[in-house]
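Worksheet for the structure shown next.
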Amino acid sequence: MKFVYFGSSGFSRVVLEELFAQGYTPSLIVSQPDKPRSRGLKVLPLEVSMFAQEKHFLLLKPCSLHSEEFIQRIKKESAETFVVADYGKLLPPELLALSGKIPIALHPSLLPCYRGAAPVNWALIHGEKETGNTVFRVREKLDSGEILLQERVCIAETDNAISLHRKLARKGADLLIKALDQIKRNEYMLTAQNEAFASFAPKLSKKDGKISWDADASTIRNLIRGTLGWPSAYTDYKKITLKILETQIVETTVTQAPATIVRIDKNGIYVATAKNLICIQKVQPQGKKPMDAYAFVLGHNVTLGEQFT
RNA sequence: CGCGGGGUGGAGCAGACAGGUAGCUCGCAAGGCUCAUAACCUUGAGGUCAGUGGUUCAAAUCCACUCCCCGCAA
C-alpha cells in the first residue's frame, strides 16, 4: 500500500526502520527541516532524515506544511494513506484531506492518556507499571482521533526512557503494520477516545530533570529513569553538576537529612531521601563521560556526610 | 567563528599559574594476616603525560597548530 511517512525523531526512525525491515516502505518521507543543533552551530539532519538519506528514500523537509508547493507535491503523490509517528508538528486539515483513506498515527501511550510530546517519559516519571501503543486516526486536534488499535506494554522496573522508547517503537511498528493491513482491506474499527480520561504529557525541559532530594527514593528513581537520554536527571556536588544515570533503591530507615551521603562502597553512593536510600551507581559529571559512581568518588574525595544540592 | 570543561599506567583524579627523578585513591599480580571478607599489611608489574612542530641546558608543565571526548545553549 502506498503511504507517506511523517516523522523526525529517533523514536520515529526506529519505527521506520522496522517498517522497512518488514517490507513496508513509504513512497515518500516527510521530516522536519535540518536544524542547527549540538555544539558548534552545526546544521544536522534529524534522525528520520538521516535514515532516509542512507536508504535513498524520497525525502521532503518542508518548512511549512501549509505552503502551496508542499501541498501540491503531496497531492501529486496520491498516497493511499499517511502514517505519522512523532513528526513534531500538527498536520493541517488541507493536508489530511489528501490522504486517500484515513491517515493514521502511532502514539506510544494508551490514549487518551499521555497525549502530547513526551508520553514515554511521563509514564516513567509517574511510576506507571504499564503503558502501550495506540494507532489512531489523525485529526486536526493533537492526539485526539478515533482509535483503531491499542496494545498494552508492561514497564519493567529496569526500564528507562531509552529502553522503553526502543521497545515501544518496535512494537509500535508491528501495530502500524496491522493497521495498514486493516485499512487496505477496509476492515477497521474506529473507537472514539473518551475525553473525560484525557491527560497530557508535555515536552520536557531541562528544569524537569532537577532532582529534589526531599522526595522519596522511588519518586527520584522514576525521574531518573524517565528523563534518561534527555534532559537527564541532575544534581550538584560542590561546584560540579552531575547527571545521575543509574540508581537502585535501598529500603531502610533513614535518619539523616535528605540529600546527605550516608554510605559509600563499590556499588556507589548512598543518599538519604524522604523515604529509603537511593544508591547512585552511574553518573556523568559535566564535561565528562559517563562513569561508575565509585570511580567518581575515587577522583573527587567524596566523603560521608556531604550533601548534594 | 554560539559558551564552556577535558585527553597523565586498566578506572577516576592531582601535578601545569611560578619548567628540573611520574604522584594520589582504586584496580591488577604475587605473598602475608585472618574463622572469613569488597577489610588490613608487604612487595611488584604497568606511562613515548592525545599528536606534530617550536622555545630551552632541560617540557606533562611555556608557545603554535592538529586530532579526539564531553557539558551547556539551540
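Here is the naming used below: chain letters follow the sequence lines, and residue numbers restart at 1 for every chain. Everything quoted here is computed from the prediction, not taken from an experiment.
Not counting sequence neighbours, A:Asp208 has no partner by the salt bridge (Lys or Arg N to Asp or Glu O under 4.0 Å) test. Taking A:His126 as the reference, A:Tyr114, A:Trp122 meet the ring-ring contact (aromatic ring centres under 6.0 Å, His included) condition, with sequence neighbours excluded. Residues meeting the ring-ring contact (aromatic ring centres under 6.0 Å, His included) test with A:His107, sequence neighbours left out: none.
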For residues 247-255 of chain A, which side-chain donor-acceptor pairs fall under 3.5 Å, sequence neighbours excluded?
residue	atom	partner	partner atom	Å
A:Gln248	OE1	A:Gln281	NE2	3.4

Could you pull out all donor-acceptor pairs under 3.5 Å where a side-chain atom in residues 290-303 of chain A meets a protein atom, sequence neighbours excluded?
residue	atom	partner	partner atom	Å
A:His300	ND1	A:Phe296	O	3.0
A:Thr303	OG1	A:Glu306	OE2	3.4

Using a 3.5 Å cut-off and no angle test, enumerate the donor-acceptor pairs between side-chain atoms of residues 7-17 of chain A and protein atoms at least two apart in sequence or in another chain.
residue	atom	partner	partner atom	Å
A:Ser8	OG	A:Asp86	O	3.2
A:Ser8	OG	A:Tyr87	O	2.8
A:Ser9	OG	A:Phe11	N	3.4
A:Ser9	OG	A:Ser12	N	3.3
A:Ser9	OG	A:Asp86	OD2	2.6
A:Ser12	OG	A:Tyr5	OH	3.0
A:Ser12	OG	A:Ala85	O	2.6
A:Arg13	NE	A:Glu17	OE2	2.8
A:Arg13	NH2	A:Glu17	OE2	3.3
A:Arg13	NH2	A:Glu54	OE1	3.4

Side-chain donor-acceptor pairs of residues 268-275 of chain A under 3.5 Å, sequence neighbours excluded:
residue	atom	partner	partner atom	Å
A:Tyr270	OH	A:Asp265	OD1	3.4
A:Tyr270	OH	A:Asp265	OD2	3.2
A:Thr273	OG1	A:Ala217	N	3.2
A:Thr273	OG1	A:Lys275	N	3.1
A:Thr273	OG1	A:Lys275	O	2.7
A:Thr273	OG1	A:Asn276	O	2.6

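Atom C1' of B:rC41 sits at a distance of 27 Å from the matching atom of B:rG47, rounded to the whole Å. Only the C1' atoms considered, B:rA45 is 13 Å distant from B:rG27, to the nearest whole Å. Nucleotides B:rU55 and B:rG19, compared at atom C1', are 11 Å apart to the nearest Å. Distance noted for atom C1' between B:rA50 and B:rC67: 8 Å (whole Å). Taking atom P in both B:rG23 and B:rU43, one finds a spacing of 15 Å when rounded to whole Å. With both ends at atom P, the span from B:rG9 to B:rU48 equals 8 Å, rounded to whole Å. Across B:rG10 and B:rG44, the matching C1' atoms stand 16 Å from one another, rounded to whole Å. Taking the P atoms as reference points, B:rA18 lies 10 Å from B:rC63, given to the whole Å.
Going from atom CD1 of A:Ile240 over to atom P of B:rG6 covers 11 Å, rounded to whole Å. One interatomic measurement links the two molecules: CE of A:Met291 to C1' of B:rC26, which rounds to 14 Å at whole-angstrom precision. Protein atom NZ of A:Lys239 is 16 Å distant from nucleotide atom C1' of B:rG4, rounded to whole Å. One atom, OH of A:Tyr237, and another, C1' of B:rC13, lie 13 Å apart when rounded to the nearest Å. In this structure, A:Tyr294 atom OH and B:rC24 atom C1' are separated by 13 Å, rounded to whole Å. Between the NE2 atom of A:His300 and the C1' atom of B:rA11 there is a distance of 13 Å, rounded to whole Å.
Applying the Watson-Crick and G-U wobble criteria (two distances, each under 3.5 Å), B:rG71 pairs with B:rC3. B:rA18 is unpaired under the Watson-Crick or G-U wobble criterion, no partner having all donor-acceptor distances under 3.5 Å. With a cut-off of 3.5 Å on both pairing distances, the Watson-Crick or G-U wobble partner of B:rA30 is B:rU42. Across all strands shown, B:rC13 is found opposite B:rG23 as a Watson-Crick or G-U wobble partner, with both distances under 3.5 Å. Searching all strands for a Watson-Crick or G-U wobble partner of B:rA64 with both distances below 3.5 Å returns B:rU52.
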Apply side chain to side chain donor-acceptor pair (under 3.5 Å) to A:Ser218 and A:Asp216, showing your working.
CA-CA 6 Å; A:Ser218 64; A:Asp216 61 75; 2.8 Å; yes

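Side-chain atoms of A:Thr134 come within 3.5 Å of backbone N or O of A:Ser109 as a donor-acceptor pair.
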Summarise how protein sits on nucleotides 36-41 of chain B as a single string, 5' to 3': B when a protein heavy atom is under 4.0 Å from the base, S for sugar-phosphate-only contact, - for no contact.
--S---

Reading nucleotides 66-74 of chain B from the 5' end, what letters show protein touch, with B for base, S for backbone sugar-phosphate only, - for no heavy atom under 4.0 Å?
---SBBBBB

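In this structure, CG in A:Asn267 is found 13.0 Å from CD1 in A:Ile280, a value given to the nearest 0.5 Å.
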